[in-house]
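Below, chains carry the letters A, B, ... as their sequence lines are ordered, and counting in each starts from 1.
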Number of protein chains: 2
Amino acid sequence: MKNRRVLEPIMQESTPSLIAAQLRRNIADGALAPGTQLVEADIAGELGVSRGPVREAIQRLTQEGLLVSIRNRGVFVSEIDESDIRDIYEARTAVEKAAGGILAQRDHARAGAELLRFVERMDKASAAGDGSAISEADMAFHQKLVELAASPRLSRIHATLLTETRMCLNRLQGRFEDESARVAEHRGIAEAIRDGERDLLMDRLDAHKDDALVRLLSAHEGNKTTAS
Amino acid sequence: MKNRRVLEPIMQESTPSLIAAQLRRNIADGALAPGTQLVEADIAGELGVSRGPVREAIQRLTQEGLLVSIRNRGVFVSEIDESDIRDIYEARTAVEKAAGGILAQRDHARAGAELLRFVERMDKASAAGDGSAISEADMAFHQKLVELAASPRLSRIHATLLTETRMCLNRLQGRFEDESARVAEHRGIAEAIRDGERDLLMDRLDAHKDDALVRLLSAHEGNKTTAS
DNA sequence: TTCCGTATGATTGTTGACAGCGCGTTGGCA
DNA sequence: TGCCAACGCGCTGTCAACAATCATACGGAA
C-alpha cells in the first residue's frame, strides 16, 4: 500500500487534550488571571462535555504548575511572585543551555542559520513597533532553539516553562523600552551557536536571563499595587 | 470506599497520588517491566477503588513519561531505548548543572558538607559490597543536590528524571565493575561545590554523565537480545 | 491459498449521580 | 455588641454504568 501523498496523519486529539490546550492558552495570555477559580462543572457546561474530561485537563495543567489544586475547595490559576519569576527563568535557561550545548557541537551552522531567521522576524516586528509580534517571535526563537536539539525531554520541559514565561510577560504589557537591545541579544545567541562558540553561548544565555530578570522584576515592582 | 484506618497521621494525600506513587515505585524498580500493559479496571479492582482515581494516577504517570497511552487500546510501561538513555542523562545533567551553579555561588560550604555525608553513605555501602544500597545513596545524592538549590521547578523536573534513571539502572542489576570510581566521582562533585569551584563542577558533572552513559550503553548492548 | 468482510471480545472514553469536605452565614446566647 | 455553634451551600472526590473504538479471530469467496 503506497501513498504518494501523505494522507494526513488523521490523529484526532483527545478531548482532554483539546480542553487543556484551550485552558492553557487562556491562562498564558491572561484571559484567566492568576487567582481565578476554575470550577469543573462550569467549564464542563460551557464546553458541552461532562466533568470527566474537564477534570483530566485540569489535572494536567495542575501538574504543569499552571494551576494549584486545593482538596475539596477548588483549583485556581497559579499566582506568580518574584521568586517564581526567578525560578522560571533559572530553569528555562538551564534547559536552553543544555540544548545550546548540544547544538554547538553538532549542526552549528544549520541551527544558527535557522535561528537567525527568527531574529529577522523579531527585527521586522521591532521596526514595525508591534510589541506582541516581538514577543511572539521571541517565544518562537526559544522554542526553536530547544526543538533543534532534538531532545524529547528537554522539549517537553521547555514547553511548560515557556507558557509560564508567557504568564510573566503579561505583566509587562508592551512597556518595553529597549527592544533593539532585546533583538540584539537574540542575534548574539544565534551567532554563537552558528559559530559553535560554546562558552560564549553559555555566557550570552546567562546574560539574556539576567537582563530579562532585571526587566521583569523592576516591572513587577511597579505593578505591586495592582497585584492584590 | 470507606477508609477504616484509625488515627493515621491524617490521610491528606489524595487517593490518586497514593496510587501514582505506588505505580511509580513498581515501574522504577522494575516490578512492572517496560512494555507491560496496565489495565485500569484490573488495577482498580486490585486496589479496591473505582476506575476514576486509577485513571487519574495513570494519566499523571503518562505525563511524566513513564507510561505511554494509546487511545482506545491501553497504557503501557514505556520502553527505553538507547536514545532515551542519552536523553534522560542529558536532561538530568542540565538540571543538576543549573542547581550546582546556584549552589556554587551561595552556600558552597554548607551544601558541600551536606553532600559529602551522602558520599560517605555511598562509601560505606561500597565497602559492604551492597550494590542496591550504593544505587540508593547515589540517587539520594543527586536528589539532595537539586533540593539544596531550593528551586521548585528544578526539583520537580529532576524528580521525574530520577525515576526514569532508576528504570535505566535496572538493566545493570548489580554488575558494576568500578564502584570505587563511582564513589570518587560523587566526592569530586561534592568537593567542587563545597569549594565554590563553578567551572570545575560543571566539568565534573559532564564527566559524570559521560561515564554513566558509557557504563549504561555498553550494558544495554549486552542486553539487546532480551529486549524483544 | 490468499484476501477481504464480519463478528466478537476487551479496553478505554464519557456520562450522570451521589457522598464528603470546608467555608461562609445565620441564628442564638452571654 | 461580641462570640460560638449549627446549618446550608458549593465544590471536589468517587463511583457504577453506558458508549465508542480498536484488535483479533473466523469464515467465505475469488
Side-chain angles (χ1 to χ4, degrees), chain A residues 1-3 7-23 27 32-79, chain B residues 1-23 27 32 34-79:
Chain A
M1 96 140 55
K2 193 76 172 168
N3 294 339
L7 247 333
E8 288 195 27
I10 203 168
M11 173 73 153
Q12 56 172 343
E13 203 85 18
S14 72
T15 311
S17 288
L18 294 171
I19 300 173
Q22 202 165 335
L23 287 176
I27 293 172
L32 289 171
T36 307
Q37 178 170 12
L38 299 184
V39 180
E40 292 180 0
D42 292 355
I43 299 174
E46 219 164 306
L47 295 176
V49 295
S50 176
R51 269 181 58 209
V54 173
R55 189 179 171 77
E56 203 166 315
I58 286 178
Q59 211 258 341
R60 215 173 288 196
L61 298 187
T62 301
Q63 205 172 353
E64 290 178 14
L66 270 61
L67 303 176
V68 288
S69 170
I70 307 177
R71 252 181 82 105
N72 294 316
R73 282 258 312 205
V75 294
F76 306 84
V77 180
S78 295
E79 312 254 13
Chain B
M1 271 295 153
K2 273 271 168 54
N3 264 317
R4 308 211 162 278
R5 285 280 190 277
V6 275
L7 284 180
E8 287 257 335
I10 304 171
M11 126 91 140
Q12 198 145 14
E13 201 84 19
S14 71
T15 311
S17 289
L18 294 172
I19 300 173
Q22 203 163 334
L23 287 176
I27 294 172
L32 290 171
T36 307
Q37 177 169 12
L38 299 184
V39 181
E40 292 180 0
D42 292 356
I43 299 174
E46 220 164 307
L47 295 176
V49 297
S50 174
R51 270 181 57 210
V54 174
R55 190 180 171 77
E56 203 165 315
I58 286 178
Q59 210 257 342
R60 215 173 287 195
L61 298 187
T62 301
Q63 205 173 353
E64 289 178 14
L66 269 59
L67 302 176
V68 289
S69 170
I70 308 178
R71 247 181 89 103
N72 295 313
R73 283 256 309 195
V75 295
F76 305 83
V77 180
S78 295
E79 311 254 14

List the residues meeting side-chain hydrogen bond (donor to acceptor under 3.5 Å, both in side chains) with A:R51, not counting sequence neighbours, and say none if there are none. A:E40

Quick one: side-chain hydrogen bond (donor to acceptor under 3.5 Å, both in side chains) partners of B:S17, sequence neighbours excluded?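 Applying side-chain hydrogen bond (donor to acceptor under 3.5 Å, both in side chains) to B:S17 gives B:S14, B:R60.
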
Rounded to the nearest Å, what distance is computed from the CD atom of residue A:E13 to the P atom of nucleotide D:dT21? 16 Å

Rounded to whole Å, please give me the gap between CD in A:Q59 and P in C:dG13.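 Rounding to the nearest Å, CD of A:Q59 and P of C:dG13 are 14 Å apart.
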
Any donor-acceptor pair under 3.5 Å from A:Q37 side chain to A:R73 backbone: yes

With a 4.5 Å cut-off on side-chain heavy atoms, are A:L66 and A:L23 touching?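 Result no, sub-4.5 Å side-chain heavy-atom pair not found.
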
Could you pull out all residues at least two apart from A:E64 that satisfy salt bridge (charged side-chain N to carboxylate O under 4.0 Å, His left out)?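 By the salt bridge (charged side-chain N to carboxylate O under 4.0 Å, His left out) rule, A:E64 matches A:R24.
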
Non-neighbouring partners of B:S78 that pass side-chain contact (heavy atoms from CB on, under 4.5 Å), sequence neighbours left out: B:V68

What residues, two or more places apart in sequence or in another chain, satisfy side-chain contact (heavy atoms from CB on, under 4.5 Å) together with A:L18?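 Scan of A:L18 (side-chain contact (heavy atoms from CB on, under 4.5 Å), adjacent residues dropped) gives A:E13.
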
Hey, could you give me the OG1/CG distance between B:T36 and B:L67, rounded to the nearest 0.5 Å?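 Going from OG1 on B:T36 over to CG on B:L67, the span is 10.0 Å.
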
Summarise how protein sits on nucleotides 7-13 of chain D as a single string, 5' to 3': B when a protein heavy atom is under 4.0 Å from the base, S for sugar-phosphate-only contact, - for no contact. ----SBB

Between the two end axes of the helix from C:dT1-D:dA30 to C:dA30-D:dT1, each built from 5 base pairs, what angle do you get to the nearest 10°? 10°

